[in-house]
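Working notes, beginning with the structure itself.
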Amino acid sequence: MSEVTLFVRKASGLVRSWSMFDAFIYATFSINLITLGLFIFSYCYYFEGNLATAVVVGGALTIFEVIVYASLISAMPRAGGDYVWQSRILGRGIGFILSVTGWWFILWLWVPLYGQMLVYEFFTPILAILGAQNAALWFTNTNGGLLVGMLLVCVLVFVYIAIGMKWYARVQKFCFWGGMVGLALVFILLLIGNQTTFINNLNTLVPKYFGTSPGVDLYAATMEAGQAAGTVAAPLGSLAFSASLFLIPMIVFFNLWPNWGATLYGEVRGANDYKRNFWGMASAVIITAALALIFFALIAKSIGWDFYNNANGAFWNYTWGYTDQLAPLPFWPYPVLFAAFMTQSRFMHFLIVLLVSLWWFGWSGTVFLSSTRVIFAAAFDRMLPEWASYVEPRTRTPLAALLLMVIPSIIVSILYAFDVVGFRSLVLDATLVIAVTFLGTAIAAMILPWRSKETFEGSPIAKFNVPSWLAWLATVILVVGGLYMIYLSFRYGLTVLTNMVGLPSLQVAMALLVFALTIVNAVLILWLIYYIGKRILAGAKMPLVTFSAIIFFLFLDWLLIEWFWDPHVPPFDFPYYAIGWSNATSMLFMLFCYLLAAAIYFGFNAYRRRQGIDVDKVYKAIPVE
Amino acid sequence: MRIFYATDVHGSEICWKKFISGAKFYEVDTLILGGDMTGKAIVPIIAQGSDRYKVTLLEQETILEGKEQLNQMINTIQNRGYYPYVTTPDEVAEIAGTPGRSDELFVKQVLKTLERWMDYADAKLAGTGIRCFVCPGNDDVFEVDSAILASKTVELAEGKVIQLDNHHEMISTGWSNPTPWDTHREESDEDLLKRIEAMIPKLRNPSTAVFNLHAPPFGSGLDEAPELTKDMRLKYAGQSLVPVGSRAVLEVIEKYQPLLGLHGHIHEGKGTRKIKKTLCVNPGSMYEQGILQGAVIELKPNKVGSYILTAG
């Protein structure tokens, strides 16, 4: 008989662990290959790296993120995520500012992005297949069409909220299975198809569906237009390791989010629950990366890797206004549609696009559900007016929270759809701001074992320590890596600052702002080196959460340096990521978000104090004699 | 008057101590603890001889060497909300093999802990003028009531009308609507309604009263819990949330519109909600992490003044 280690009373209120496969499904939706993945892959034609290499390396680094989040969830479940972890460990101000910017304000930009994907991956192909050619092209190629797609996202959210979390969870599961069937069909068609079939069908079906001139070799024309657009993507078979590293700040747009689907509820019974959360997220990262590699290989086999990248180049070159010549393919180069073109059957085209679109429909609710949680948390902390947490009693709709998302999202969608002041260049801002939030969480996780000693030592992760040699290695990595980040950021910064003559004053101001952030970053890194180094030198064990947080922190720090400085292509007229100092719209938008968050924080702090509410005590531990 | 309300401490020693210390920290004159004071399990610490002990906490086995490590582990277990029990391999086998033995032991541990808690409260609160009310919840065995009654400073609030100050009264019940666990103090919503309604005629003015009702109102958002399968697993990996609160509580709040509703029961349901004129509060619970979630509420004669949810 095995030894009894726990006597649980009757009527304990405890639940059994959840299905890891379910956890995998929700994490997989979060790092959505079809929506986020295919969208950002299409941007990468002008990089000399290899997408496959970037996906593997980026995915491997994301595993450390998974460990960090699984650990924090295990130590503080039901805690409201980043907001409470950071507030508790780093301080209320940091927790508030980083969480409302990362999980509320920047989601205003995600709405137009969701809308753009809805147009490219659903409306345009489906309408074209159904014979509504003009409508199909209107959606993709006009500002009004894109805007309608974005507004429909806002309408859809009311549907999700109306059905509630209970039914949304079911809808997601249904969409996962439907989406997987669609993806399987895509893979099968690519496997049994070949390039000759694809080229013939492309040249027949595109004129039929999209009204292009018949008799044109669209395949050859696309290749030519892509080359003219500057397509330089590495062949799939070449490792191109160092060039591929610069692709990672692009593809994290898709794979930085496995934590979005993590299980935040229930009582953690022990280490097995930690492992469940870890494997739920990690398996999503691994399997999604594997699916991406398979997809790339199949695209290369039956469509042509060069064609795929040139098609992207041709499309974006026109869409971004670098040429006024319409791309030979007047629609976003959707690999799923290309796969469907392995057959001439209109029914199969329709079925495949419809099934694969379930990846979008199952995923799209998260943008509003995430922000609603943060708005409510801020309202409960009295950092927003009470009405922000108002719920319409009859329909149980969080009306105020929805409006606080929908109204700004509509404004940002208009700016984005009509590319006002270059708003369409802000795509990666949507990742950067959340990466800053994650940076805060990574720091919180790194110092958790000492900063919240009792919470940590009473948690299931308290005994997960790395061996001392690995602790030393991690400390060395933190020192060397941290100093390298400081060096890199200063090197980039000085390159920019010493070549700014003649640049507009706004850009100069932005460069100086980023330089100030560089100094702050350097101080932060040095403090972390001191904080961790002192403890390891004194003989402390290094918990796994700290080890993982060190790697995750350095990864995020590097991403931020690359995004903000981005001095890859002198004389700074074509940066890789185009959201840093040289893009004043991007910088001002992000600055606006952070200043707004700070204004709300300090404003409500002062207001509540005048009301006699001591907001400083909200997250302070009660001292016990 | 200023109230500090917390709930669902589930046997966590540190949370109880924080609750009592909360009076000074938050500068309040009244402490109210909602239900569910008792822990969920006993953790045997099994002697191995030579001053060594083996314990498995949170599925992690540890060997303790000496009294200091033993005492540290006892502390950790208590703060986690479990009951540490130093024992021998033979006794563990005997407990496991004898039906009802672990329940007996459990009740003993609960009462021993509660006596310690009441002594702590008496020592800290005596002479301060701070009033302290507790109301056992659906998870609490009935034996706890007598332990609370023995205290000089902690008042048992279940079923009573309590005069909080010149302007406010409070009614309390820790009973809940049915749960999947067939807990000690649960009953149908019809019976719960009768139980609550029985207290209300004794109130002078329900509109300025505090309704300290453990179960949150149904559909208020303070009662959303993960949906469970028949074998008690989280459905859809916890992504599916359903309302599990009490319709009886909702009905009395909508009907009488007290000033304040204090609730607990659903640890994930942290928040506030206005139901007609009533401010309903569920501070939630993170007792296993030793974090005492609560609410500091200022009551004015005819309205709620300020309030804030805390995580101490």
Side-chain angles (χ1 to χ4, degrees), chain A residues 3-19 22-23 26 75-76 78-79 84 88 165-166 169-170 172-173 263-272 280 376 380-382 389 391 396 454-455 457-460 463 611-613 615 617-625, chain B residues 14 17-18 21-22 25-26 40-44 56 58-60 62 76 79-80 92 95-96 102-103 105-106 139 179 181-184 219 221 224 226-228 231-234 236-242 267-268 270-273 284 286 288-292 298 306 308-312:
Chain A
E3 191 175 62
V4 174
T5 58
L6 191 75
F7 292 107
V8 180
R9 67 173 163 95
K10 277 193 238 167
S12 68
L14 290 170
V15 297
R16 299 170 71 188
S17 288
W18 59 94
S19 151
D22 279 351
Y26 296 107
M76 291 195 272
R78 301 194 308 281
V84 172
R88 189 112 195 130
M165 281 304 299
K166 176 179 172 177
R170 285 157 167 81
Q172 284 193 297
K173 209 167 184 185
T263 300
L264 285 173
Y265 299 98
E267 304 203 358
V268 173
R269 294 182 69 150
N272 285 324
F376 272 42
F380 296 149
D381 279 355
R382 313 310 306 283
S389 61
V391 174
R396 287 195 224 142
E454 275 164 14
T455 299
E457 284 178 356
S459 75
K463 294 193 79 174
Q611 286 187 316
I613 299 174
V615 284
K617 285 189 175 167
V618 170
Y619 286 103
K620 275 219 175 92
I622 300 169
V624 166
E625 290 150 28
Chain B
I14 188 72
K17 289 181 176 173
K18 284 183 175 182
S21 305
F25 186 66
Y26 295 120
K40 299 186 182 230
I42 292 171
V43 178
T56 302
L58 303 172
E59 297 161 344
Q60 305 266 39
T62 308
T76 299
N79 286 343
R80 187 92 198 167
V92 167
I95 294 167
S102 66
D103 294 334
L105 182 63
F106 180 80
D139 267 2
T179 74
W181 296 279
D182 190 26
T183 54
H184 305 284
E224 292 208 334
E227 193 180 357
L228 298 179
D231 62 343
M232 310 286 263
R233 293 184 190 280
L234 295 182
Y236 301 102
Q239 304 287 331
S240 170
L241 301 177
V242 291
H267 303 175
E268 296 88 347
K270 175 178 171 174
T272 61
R273 191 59 43 84
M286 279 176 66
E288 310 120 289
Q289 286 72 50
I291 295 171
L292 182 68
E298 182 201 11
S306 62
I308 193 155
L309 297 183
T310 58

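Values reported hereafter were calculated over all heavy atoms of this structure, with side chains retained and with hydrogens, waters and symmetry mates removed. Proteins get letters first, then strands, A, B, ... in listed order; numbering begins at 1 in each.
- Distance check, rounded to the nearest 0.5 Å: CG of B:Asn79 to CD of A:Glu454 gives 6.5 Å.
- Rounding to the nearest 0.5 Å gives a distance of 6.5 Å between CZ of B:Arg273 and OG of A:Ser389.
- Both the backbone and the side chain of B:Leu309 come within contact range of chain A, judged by heavy atoms closer than 4.5 Å.
- A:Lys173 meets the salt bridge (charged side-chain N to carboxylate O under 4.0 Å, His left out) test with A:Asp22; sequence neighbours excluded.
- The contact between A:Tyr619 and chain B is made by backbone and side chain atoms together, counting heavy-atom distances below 4.5 Å.
- Contacts of B:Thr179 with chain A are absent, with no heavy-atom separation under 4.5 Å from either backbone or side chain.
- Of all the listed residues (A:Asp381, A:Val391, A:Val615), the one sharing the greatest number of non-hydrogen pairs under 4.5 Å with chain B is A:Val391.
- When side chains are defined from C-beta on, A:Arg170 counts as touching B:Glu227, because their heavy atoms get closer than 4.5 Å.
- Residue B:Ser240 comes nearest to A:Lys166 through the heavy atom pair OG-CA, 3.3 Å, listed as atom of the first residue, atom of the second, then distance.
- With contacts defined as side-chain heavy-atom distances shorter than 4.5 Å, the pair A:Lys620/B:Phe25 qualifies.
- Among the candidates B:Ala311, B:Gly290, B:Ser21, B:Ala41, the residue making the largest number of heavy-atom pairs closer than 4.5 Å to chain A is B:Ala311.
- For the options B:Gly284, B:Pro44, B:Gly221, heavy-atom pairs under 4.5 Å to chain A are most numerous at B:Pro44.
- Summarising the geometry of B:Leu58 relative to A:Pro460, their closest heavy-atom pair is CD1-N, 3.5 Å, with the distance given to 0.1 Å.
- Distance check: B:Ile308 CD1 to A:Gln611 CD gives 9.5 Å after rounding to the nearest 0.5 Å.
- Of the possible polar contacts, none joining the A:Lys617 side chain to the B:Tyr26 backbone as a donor-acceptor pair under 3.5 Å is found.
- The two residues B:Thr76 and A:Glu457 have their closest heavy-atom pair at CG2-O, 4.1 Å.
- Comparing B:Leu292, B:Asp231, B:Val43 by how many heavy-atom pairs each has under 4.5 Å with chain A, the most go to B:Asp231.
- In this structure, the separation between CD on B:Glu298 and CD1 on A:Ile613 is 8.5 Å, given to the nearest 0.5 Å.
- The CG atom of B:Leu105 sits 7.5 Å away from atom CZ of A:Phe7, with the distance rounded to the nearest 0.5 Å.
- With respect to chain A, the highest number of heavy-atom pairs below 4.5 Å among B:Gly22, B:Ser102, B:Gly219 belongs to B:Gly219.
- Between the side chain of A:Arg88 and the backbone N or O of B:Ile291 there is no donor-acceptor pair closer than 3.5 Å.
- If you take OG1 on B:Thr310 and CZ on A:Phe380, they are separated by 14.0 Å, rounding to the nearest 0.5 Å.
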